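To start, the structure itself, in structure tokens.
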Amino acid sequence: MTVTIGSRVVGGGRPAYVIAEIGLNHNGDVELAKQLIDVAADAGADAVKFQKRTPEIATPEHMRDIPRETPWGTMSYLDYRRRVEFDRDQYIEISDHALLRGLEWFASPWDVPSVAFLEDLGVVAHKVASASLTDRELLEALRVTGKPVILSTGMSTTEQIDAAIELLGTDRLVLMHATSTYPMEPDEANLRMIPALRDRYPGVPVGYSGHERGLQISIAAVALGAVAVERHITLDRTMWGSDHAASLEPAGLKNLVRDIRVIEAALGDGVKRVYPGELAPMAKLRRVPA
Ligand SMILES: C=C(OP(=O)(O)O)C(=O)O
């Protein structure tokens, strides 16, 4: 089965859909967000992704008053969350820039009002963060949009994934295997979950959302059939903010897209053939012709 996201078709043997997750790595700065969009476009990614929250709703109660050191001084976790959100005009500027650079854009809404906010901006799809997989109210709001939904499965049990899919339906659904550790260690990747999810939910395209250091694990995910790959991006892994360290810098993203395309070309179709380039070596090396 395929899912159409904007002008791209995901699944069904198509090239892996590469999502450059800007998330909160813009640190609340539109110019930085635009630079990250440029990084994604220059690398050949298909889409950029953001995270949209209504901080007063999406921030867990027990986290709100915890003090946080930020580049803007010490503030509560809730105020920090407010500080890094973009408003509608800022998103319009970001959307214009993404479209100008030939990229799709969308976001993970972390609460119901954020769904309406993103719908109003005409996003091509919605992403469900692993943390939101059990948020039935959010999933219901996403279902009624009729938009493609990309559902991440980190920090979730099989039963929880079953329940989320039951609610969302499988039309226009892309599942993402994920492990929600930052950075993720290789022995937590469990990439064999990619074929396992494909077997459990027949017809649903399965991709991979990665939080590891480096490229190998994401590339292996494509070799195992991931139809989409999402990775966080940053200008500099040492920047302030929680996701920068587990993100790819510009050269890393470029190499990732390059290597994914090489792997896709190399996977072939599983039909045995003798390539024209093998004829000369065969003539030279094979002692017993058929
Ligand atoms: C945290 C997110 O996703 P994931 O669970 O795939 O990392 C997100 O999309 O906001």
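Start at 1 and go down the list; that is how both ligands and their atoms are numbered. As the structure is a computational prediction, the values presented were derived from the model and not from experiment.
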Please list every donor-acceptor pair under 3.5 Å in which a side-chain atom of residues 144-151 meets a protein atom from a residue at least two apart or in another chain.
unit_1 : atom_1 : unit_2 : atom_2 : d
Thr145 : OG1    : Leu142 : O      : 2.6
Thr145 : OG1    : Lys147 : N      : 3.1
Lys147 : NZ     : Glu119 : OE1    : 3.4
Lys147 : NZ     : Glu119 : OE2    : 2.9
Lys147 : NZ     : Val123 : O      : 3.0

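At least one cation-pi condition fails for Arg8 and Tyr17: the charged atom is not both under 6.0 angstrom from the six-membered ring centre and inside a 45 degree cone around its axis.
The closest side-chain donor-acceptor pair between Asn190 and His177, if any, does not fall under 3.5 angstrom.
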N/O pairs closer than 3.5 Å, ligand 1 and protein:
unit_1   : atom_1 : unit_2 : atom_2 : d
ligand 1 : 3 (O)  : Lys127 : NZ     : 2.9
ligand 1 : 5 (O)  : Ser130 : N      : 2.9
ligand 1 : 5 (O)  : Ser130 : OG     : 2.6
ligand 1 : 6 (O)  : Lys127 : NZ     : 2.9
ligand 1 : 6 (O)  : Ser152 : OG     : 2.5
ligand 1 : 6 (O)  : Ser209 : OG     : 2.7
ligand 1 : 7 (O)  : His211 : NE2    : 2.6
ligand 1 : 9 (O)  : Lys49  : NZ     : 2.9
ligand 1 : 9 (O)  : Ser108 : OG     : 3.3
ligand 1 : 9 (O)  : Lys127 : NZ     : 2.8
ligand 1 : 10 (O) : Lys49  : NZ     : 3.4
ligand 1 : 10 (O) : Gln51  : NE2    : 3.3
ligand 1 : 10 (O) : Ser108 : OG     : 2.7

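Between atom CG of residue Asn25 and atom CD of residue Gln51 there is a gap of 8.5 Å, rounded to the nearest 0.5 Å.
When all heavy atoms of Val10 and Ala228 are compared, the closest pair comes out as CG1-CB, 4.5 Å.
Ring pair His211/His232 is tilted by interplanar angle, where 30° to 60° counts as tilted.
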